[in-house]
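Some notes on the structure that comes next.
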Amino acid sequence: MIKGLLFDYGGTIDTNGRHWANVIWEAYQAAGVETSFEQFMEAYTFGEKSLAIHPIIKPHHIFSEVLHLKTQQQFSYLKLAEGEYSKIEKIVSHCMKLVLTTVTEAKRTLDLLTETYPMVLVSNFYGNIQSVLADFGLADYFSDIVESAIVGVRKPNPAIYQLGVDRIGLNSAECVVIGDSFKKDIIPAKEVGCKTIWLNVDGIQEDLSVVGNEFADVQITDFAQLPEALQNINTQFVI
């Protein structure tokens, strides 16, 4: 019987399974930023590494501010003309519209799940996840948070999910991990003995050479499918 849930955050709760690189690229296009997708991906990767290494994001920053800082890093890498920087606000606005809509929908599902399960968040984030959750009205859903910048362990290291299991106070076999990344969520969760639900919206396999998508116990294509997916897992497994 499943007794507890471990959630990924970015790309799972805030975008309903859509990768943030794709979301931001769409925002670039909507804002009319002139760059290729290949150049953008280089800038996106640069920005993520820069924010992970340098203390640019502070604990008080809410998500709209994170998006500003991300985009500034990307623009710096792309060496865009100074006039292009006025488009950052359009990019942030485009992304925030999606996030606010998605989080509102996610809360309906979380409201149902919190009646039955304790929930812990396990996230690669910048040390400000508490501020982000509070700003979106999500903080009260989680009994604890394991944030990479705080605990010093990042996905896909399975140790971060073991910390989540320890924080929830259950056996790993009694926990389900819900995440959008096969490599960063599903594989490490399975390595520590958790059941898994893969939010695989785009039907991707993330260039995996090891296994097919059957490695996840259940696949879903919408966050709202979680209650039914959990019922399926409880039917399949007797713990």
Side-chain angles (χ1 to χ4, degrees), residues 8-108 123-138 147-149 154-155 179-181 183-185 199-204 206-207 221-224:
D8 170 55
Y9 177 70
T12 297
I13 293 175
D14 60 357
T15 66
N16 194 18
R18 299 198 60 211
H19 194 287
W20 262 106
N22 294 332
V23 172
I24 296 175
W25 170 242
E26 288 180 3
Y28 267 56
Q29 293 177 298
V33 178
E34 294 187 6
T35 188
S36 70
F37 179 71
E38 291 73 21
Q39 290 173 323
F40 163 75
M41 284 304 301
E42 289 179 8
Y44 179 86
T45 301
F46 166 81
E48 292 304 298
K49 289 180 178 178
S50 181
L51 294 178
I53 294 170
H54 304 293
I56 297 169
I57 295 176
K58 306 301 182 185
H60 66 272
H61 283 142
I62 59 175
F63 194 62
S64 59
E65 295 168 325
V66 171
L67 286 171
H68 271 282
L69 294 167
K70 278 178 180 282
T71 311
Q72 287 168 6
Q73 291 293 310
Q74 295 159 13
F75 273 37
S76 175
Y77 179 88
L78 291 168
K79 296 181 171 58
L80 296 175
E82 188 171 335
E84 291 286 278
Y85 278 72
S86 63
K87 296 177 180 178
I88 289 179
E89 188 59 45
K90 292 181 180 179
I91 291 169
V92 172
S93 178
H94 183 99
C95 293
M96 285 300 297
K97 183 178 180 180
L98 169 69
V99 170
L100 290 170
T101 300
T102 305
V103 166
T104 298
E105 291 296 322
K107 285 179 181 178
R108 295 189 176 97
S123 177
N124 281 355
F125 224 75
Y126 312 102
N128 67 317
I129 193 68
Q130 297 273 11
S131 296
V132 170
L133 295 177
D135 185 52
F136 288 144
L138 291 168
E147 183 179 6
S148 60
R154 289 181 61 83
K155 304 174 189 178
D180 71 301
S181 173
K183 289 182 178 179
K184 294 181 180 180
D185 297 311
L199 179 56
N200 184 16
V201 171
D202 296 322
I204 59 174
E206 296 192 1
D207 193 28
T221 57
D222 192 295
F223 194 81

### Message
Tell me if the NZ atom of Lys90 is crowded by more than 12 foreign heavy atoms within 6.0 Å.
### Response
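No.
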### Task
For Glu34, look at atom CD and say whether over 12 heavy atoms of other residues, nucleotides or ligands are found less than 6.0 Å away.
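Atom CD in Glu34 is not packed in, count stays at 12 or less.
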Is any side-chain heavy atom of [X] closer than 4.5 Å to a side-chain heavy atom of [Y]?
| X | Y | result |
| --- | --- | --- |
| Leu138 | Tyr9 | yes |
| Tyr77 | Thr45 | no |
| Phe223 | Glu105 | no |
| Asp135 | Phe63 | no |
| Leu67 | Trp20 | yes |

Could you state the interatomic distance from [atom1] ([X]) to [atom2] ([Y]), rounded to the nearest 0.5 Å?
| X | Y | atom1 | atom2 | value |
| --- | --- | --- | --- | --- |
| Tyr85 | Leu80 | OH | CG | 6.5 Å |
| Asp14 | Met96 | CG | CE | 10.0 Å |
| Ser64 | Leu69 | OG | CG | 9.5 Å |
| Thr15 | Leu98 | OG1 | CG | 7.0 Å |
| Gln74 | Glu48 | CD | CD | 7.5 Å |
| His68 | Ile88 | NE2 | CD1 | 8.0 Å |

### Message
What verdict does the side chain to side chain contact (heavy atoms under 4.5 Å, CB included) test give for His94 and Ile91, after you've listed the backbone C-alpha separation in whole Å, the side-chain angles of each residue and the deciding distance to 0.1 Å?
### Response
CA-CA 5 Å; His94 183 99; Ile91 291 169; 5.8 Å; no
### Task
Check the pair Leu78 / Phe46 against side chain to side chain contact (heavy atoms under 4.5 Å, CB included), numbers first and verdict last.
CA-CA 10 Å; Leu78 291 168; Phe46 166 81; over 6 Å; no
Residue pair [X] / [Y]: nearest heavy atoms and the distance that separates them:
| X | Y | result |
| --- | --- | --- |
| Gly127 | Ala149 | N-CB, 3.4 Å |
| Gln73 | Ser50 | OE1-OG, 2.9 Å |
| Cys95 | Val23 | SG-CG1, 4.1 Å |
| Gly32 | Lys87 | O-NZ, 2.7 Å |

Between [X] and [Y] (side chain of the first, backbone of the second, donor and acceptor by atom type, cut-off under 3.5 Å), is there such a pair?
| X | Y | value |
| --- | --- | --- |
| His54 | Ile56 | no |
| Ser93 | Glu89 | no |
| Ser131 | Pro59 | yes |
| Ser76 | Gln72 | no |
| His61 | Lys58 | yes |
| Glu147 | Ile129 | yes |
| Ser148 | Phe125 | yes |
| Glu84 | Ala81 | no |
| Asn16 | Thr102 | no |
| Glu65 | Ile62 | yes |

#### Entry: Test log, rule side chain to side chain contact (heavy atoms under 4.5 Å, CB included), inputs Val33 and Phe75
CA-CA 10 Å; Val33 178; Phe75 273 37; 4.0 Å; yes
### Task
Please lay out, stage by stage, how Tyr126 and Val132 fare under the test side chain to side chain contact (heavy atoms under 4.5 Å, CB included).
CA-CA 10 Å; Tyr126 312 102; Val132 170; over 6 Å; no
### is_close_aromatic(Tyr44, Phe37), centroid dist under 6.0 Å
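No, they do not, as the ring centres are separated by 6.0 Å or more.
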### Salt bridge present between Lys184 and Asp8 (N-O < 4.0 angstrom)
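The answer is no: the pair does not qualify as a salt bridge.
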